[in-house]
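Working notes, beginning with the structure itself.
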Amino acid sequence: FLYSVSHDLRSPLVNLGGFTEELQMGVTEIRTALRSIPSPSPEVTDALKIIDEDFERCFTFVRTAVGRLAKIIDA
């Protein structure tokens, strides 16, 4: 029973981790594209600040939560 439950919990956890990585790769591509603009507008500068601070904080939060839940499932 416990094996089935842990397997059923691990599957969405792996998906969450994988989709978070995909999202982070997309954000990295957007960041690179925005930084390549020669004279960025204030809106581009604001967008880069959001990407660098807010998005990275969110990704760290999700990775930490996924790691904690993985440890709970393994225990």
Side-chain angles (χ1 to χ4, degrees):
F1 174 76
L2 289 176
Y3 174 80
S4 296
V5 170
S6 68
H7 181 270
D8 289 347
L9 289 175
R10 187 168 304 282
S11 178
L13 189 63
V14 169
N15 288 336
L16 183 60
F19 286 125
T20 301
E21 287 179 27
E22 290 288 327
L23 183 58
Q24 188 163 22
M25 287 189 311
V27 167
T28 299
E29 290 177 18
I30 292 169
R31 178 189 293 129
T32 301
L34 290 175
R35 286 199 174 134
S36 70
I37 297 172
S39 297
S41 67
E43 292 83 9
V44 170
T45 304
D46 290 345
L48 281 167
K49 183 178 178 184
I50 290 168
I51 289 171
D52 290 339
E53 296 173 6
D54 295 342
F55 276 54
E56 290 306 318
R57 187 171 13 120
C58 292
F59 291 136
T60 300
F61 178 79
V62 171
R63 280 192 300 271
T64 301
V66 166
R68 268 193 313 228
L69 187 52
K71 286 180 185 177
I72 291 170
I73 291 170
D74 290 342

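Computed from a predicted model, the values in this text were never measured in an experiment.
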Q) Salt bridge check: are Arg57 and Asp52 linked by an N-O gap of less than 4.0 Å? A) no
Test item: [X] and [Y] side chains (from C-beta on) under 4.5 Å apart, heavy atoms:
{"X": "Val14", "Y": "Val66", "answer": "no"}
{"X": "Val27", "Y": "Glu22", "answer": "no"}
{"X": "Arg63", "Y": "Thr60", "answer": "yes"}
{"X": "Leu69", "Y": "Leu9", "answer": "no"}

Interatomic distance, [X] atom [atom1] to [Y] atom [atom2] [nearest 0.5 angstrom]:
{"X": "Leu13", "Y": "Arg10", "atom1": "CG", "atom2": "CZ", "answer": "7.0 Å"}
{"X": "Cys58", "Y": "Gln24", "atom1": "SG", "atom2": "CD", "answer": "11.0 Å"}
{"X": "Ile51", "Y": "Leu34", "atom1": "CD1", "atom2": "CG", "answer": "5.0 Å"}

**Q.** side-chain contact (heavy atoms from CB on, under 4.5 Å) between Glu43 and Leu48, worked out
**A.** CA-CA 9 Å; Glu43 292 83 9; Leu48 281 167; over 6 Å; no
Q) Looking only at atom types and distance, does a side-chain atom of Ser11 sit under 3.5 Å from a main-chain N or O of His7, one as donor and one as acceptor? A) no
Q. Is it the case that one hydrophobic cluster holds both Met25 and Val62, taking links as side-chain heavy atoms less than 4.5 Å apart, direct or via other members?
A. no
Q: Using the rule that two of Ile, Leu, Val, Met, Phe, Trp, Tyr join whenever any of their side-chain heavy atoms come within less than 4.5 Å, decide whether Phe55 and Leu23 are in one cluster.
A: yes
Q. For Phe59, does the CZ atom sit with more than 12 other heavy atoms under 6.0 Å from it, leaving out its own atoms?
A.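 Yes, because the 6.0 Å sphere around CZ of Phe59 holds more than 12 heavy atoms from other groups.
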Q. With sequence neighbours left out, what residues match Asp8 under side chain to side chain donor-acceptor pair (under 3.5 Å)?
A. none
**Q.** side chain to side chain donor-acceptor pair (under 3.5 Å) partners of Glu21, counting only residues at least two apart
**A.** none
(Q) If you compare all heavy atoms of Ala33 against all heavy atoms of Ser36, which two are closest, and at what distance to 0.1 Å? (A)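 Scanning both residues, the minimum pair turns out to be O-OG, 2.6 Å.
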